[in-house]
Amino acid sequence: MLFYRKQNNSSMLIYHFSFYLVSFVGHMPLQRPSPSGDRSSHIDNLVRKLGPTLPKDVLKGFVNEAKNETGSINATPKTQQKKGIPIPPQVVMQPFTSKNISRINGKAKMKSDVDESEGFCDLKYGSYCIWREENREEMHDSMVKKLKDQLFVARAYFPSIVKIPAQSKLSGEFKQNIQEVERVLSESTTDADLPPEIQKKSRRMEAVIARAKSVSLDCNNIDKKLRQIFDLTEDEANFHMKQSAFLYQLAVQTMPKSLHCLSMRLTVEYFRDHLFDKELSEKYSDPTLQHYVIFSNNVIASSVVINSTVVHAIDTVNQVFHVLTDWQNYYAMKHWFLRNTFRDAVVQVLNIEDPDSYGKATLSHLTLPVEFRVSFPSNDSAPAINNRTQYVSIFSHSHYLLPEIFKNLEKVVVLDDDVVVQQDLSALWSLNMGGKVTGAIEICSVKMDQLRSYLGDHSFQKHSCSWMSGLNVIDLARWRDLDISETYWKLVKEQVSMKEGSALLATLLTFQDQIYALDRVWVLSGLGHDYGLDIEGIKKAAVLHYNGNMKPWLDLGIPKYKEYWKKFLNHEDQYLSECNVNR
């Protein structure tokens, strides 16, 4: 995970960008770390292999104390990068201190070191830290903890005691007690696993330590040994932090086993049953109907989007859904939507990677909406630990093929596959966008001019807001008139050195002055990263957007928000039950 931290006297501003795209991480072999102490470097090596890189001179002029950042784990055939944005000094936040990170919402926070402070943890490891705090378990095994503390102190005193000839008996008892406690702890991790005589062993160890404290010793030696043990323990904790963050990223960026099972089963069944394959092509290109477009490689996610939209629609006869997917999931998608009905609505599955079907309007691979993460202060005086985090998603390359793929259509509504619809969307088709190309939810907490230092000195309007994908109304006729796609591809080529950043810059420049701001009551965002959303607000929103890492189909999804997504699954479906998708 890469970020820049720009420090200006007592003020600091951190912007953290994350691009989430899927990769072949599941096919990369993982080696067992050696037990000797290079495990942390092993995790770092894995992170470097899986994460992005920056030029050596990119951090010149910045104060950056975190050198071994955990990289993002990719989950589709597309390299993802997380970039930080140096921001103009007029927007700043206060530096982290131990006082303002000690306790949040009644939960104790680690504050002993830069790596362990919750604020820096959030910047290094992203939403893993939020998930960790919400799922932290209290320490119930007090005896195990007591034994570990005794062993820690005993190891500090033992080297000094063993050097004193007159204390040979005490050093022998020390050695015996240390070995006994080490053996117990190697076999027990909880109080329930401890042997019955453990209380006696603990008392003996305590008595030996008390005798050692009464011996006249060189305090410098004890202090030196304690520091050595502390450093080793801190390295161990840091290793486990990196390992946990690595596994968390692996979990949120790869397809769950149950969904992979579902995709494989549907693909096999598709080729067994060709009679299912029937099309309603006359509706697919009728411009008088309501056309919804979904880019997705997730069968169950796209199904929930369609089902939730249809359930709340007043009239479904005029609804047509177009699911744009890739080769890998094409046949699974077709079989799923051919064997399931959604009232009177029809569903068309398109393979965006098939050059025989769409010619120039194809890509070598499907690209999903690009999502990046921005942290910013809630107000000028708020401590950094209280920063708000926004996951902002924008159009991908695939979106710019829409006018070519749907040549007969004049208007479409694009839905991301991580949304749930809770109200009728028919009012979107009567919107007068005043000649604008796209209707979108604006995010005015992230201003265009704040991105200037990262995206370059371009002609952004100073106070214009950024905007979100998720729910977008697109005037394809106006898009064609302004040649939006050509403008975008030209800008991408000009900014090719920015790699994934080129899509962000090109999209923002392409749609500048072409965004019609939808009323915010249409969409409530944050269900994929924000544990503090108001339940009443969730119930009233027309569309719920699970933007962020913790998607509702993942085990790591936020439990209290999952119910709004799960209720649109068909719990009686045979394949969902066999692949354990319903749990």
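The figures here come from the full heavy-atom set of this structure, side chains too, leaving out hydrogens, waters and symmetry mates. This chain uses plain numbering: 1 for the first residue, then up along the sequence.
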So, Thr510 side chain and Ala506 main chain: donor-acceptor pair closer than 3.5 Å or not? yes
If you count every heavy atom of other residues, nucleotides or ligands that lies below 6.0 Å from Asp534 atom CG, does the total exceed 12? yes
Side-chain heavy atoms of Thr438 within contact of Asp475, under 4.5 Å: no
Is any side-chain heavy atom of Asn340 closer than 4.5 Å to a side-chain heavy atom of Asn570? yes
More than 12 heavy atoms of other groups within 6.0 Å of Lys567 NZ: yes
I'd like to know if Asp315 pairs up with Arg343 as an ion pair, taking the criterion as any Lys NZ or Arg NE/NH1/NH2 lying under 4.0 Å from an Asp or Glu carboxylate oxygen. no
Stepwise ring-ring contact (aromatic ring centres under 6.0 Å, His included) check, Tyr546 with Trp553: CA-CA 10 Å; Tyr546 288 80; Trp553 54 84; 8.1 Å; no
Looking at the rings of Tyr331 and Phe271, which for Trp means the six-membered one, are their centres under 6.0 Å apart? yes
Any side-chain heavy-atom pair from Phe321 and Gln319 closer than 4.5 angstrom? yes
From CG (Asn318) to CG (Asp344), nearest 0.5 Å: 9.5 Å
Enter the distance from Asp481:CG to Trp479:CH2 here, rounded to the nearest 0.5 Å. 13.0 Å
Report the distance from atom NE2 of His291 to atom CG of Leu409, rounding to the nearest 0.5 Å. 4.5 Å
Tell me if a side-chain donor or acceptor on Glu442 pairs with a main-chain N or O of Cys465 at a distance below 3.5 Å. no
Met550 and Leu556 have their tightest heavy-atom pair at CG-O, 3.3 Å
Any side-chain donor paired with an acceptor under 3.5 Å for Gln348 and His322? yes
Are Tyr575 and Trp336 close enough that their ring centers fall under 6.0 Å? no
Does Glu410 offer a backbone N or O that forms a donor-acceptor pair with the side chain of Arg480 under 3.5 Å? no
Looking at Leu554, is its backbone amide N or carbonyl O close enough to the side chain of Lys562 to form a donor-acceptor pair, meaning the two atoms are under 3.5 Å apart? yes
Could you tell me whether the side chain of Ser430 and the main chain of Ser426 form a donor-acceptor pair under 3.5 Å? no
Would you say the ring centroid of Trp327 lies under 6.0 angstrom from that of His365? no
Salt bridge present between Glu563 and Lys566 (N-O < 4.0 angstrom): no
Drop me the distance from Ile300's CD1 to Ser263's OG, to the nearest 0.5 angstrom. 11.0 Å
Is there a donor-acceptor pair closer than 3.5 Å between any side-chain N or O of Ser396 and the backbone N or O of Thr367? yes
Using a 3.5 Å distance criterion without hydrogens, assess whether the side chain of His312 forms a donor-acceptor pair with backbone atoms of Thr309. no
Is there a side-chain contact between Val293 and Leu415, using heavy atoms and a 4.5 Å cut-off? no
From the options Val305, Leu368, Leu259, select the one residue that forms a side chain to side chain contact (heavy atoms under 4.5 Å, CB included) with Asn298. Leu259
Side-chain ion pair, Lys551 and Asp418, N-O less than 4.0 Å: yes
For the pair Lys560 (side chain) and Tyr531 (backbone), establish whether a donor and an acceptor sit closer than 3.5 Å, ignoring hydrogens and angles. yes
With Phe395 as partner, the option from Tyr488, Phe295, Trp467 fulfilling ring pair (Phe, Tyr, Trp, His ring centres under 6.0 Å) is Trp467
Check whether more than 12 heavy atoms from other residues, nucleotides or ligands sit under 6.0 Å from atom CD of Gln423, and answer yes or no. yes
Can you tell me how far OH of Tyr516 sits from CZ of Arg478, rounded to the nearest 0.5 angstrom? 15.5 Å
Consider only side-chain N and O atoms of Tyr400 and Thr507, and report whether a donor and an acceptor are under 3.5 Å apart. yes
Looking at Leu524, Leu471, Asp416, which hits side chain to side chain contact (heavy atoms under 4.5 Å, CB included) with His545? Asp416
Does Glu353 use its side chain to pair, donor to acceptor, with the backbone of Leu366 at less than 3.5 Å? yes
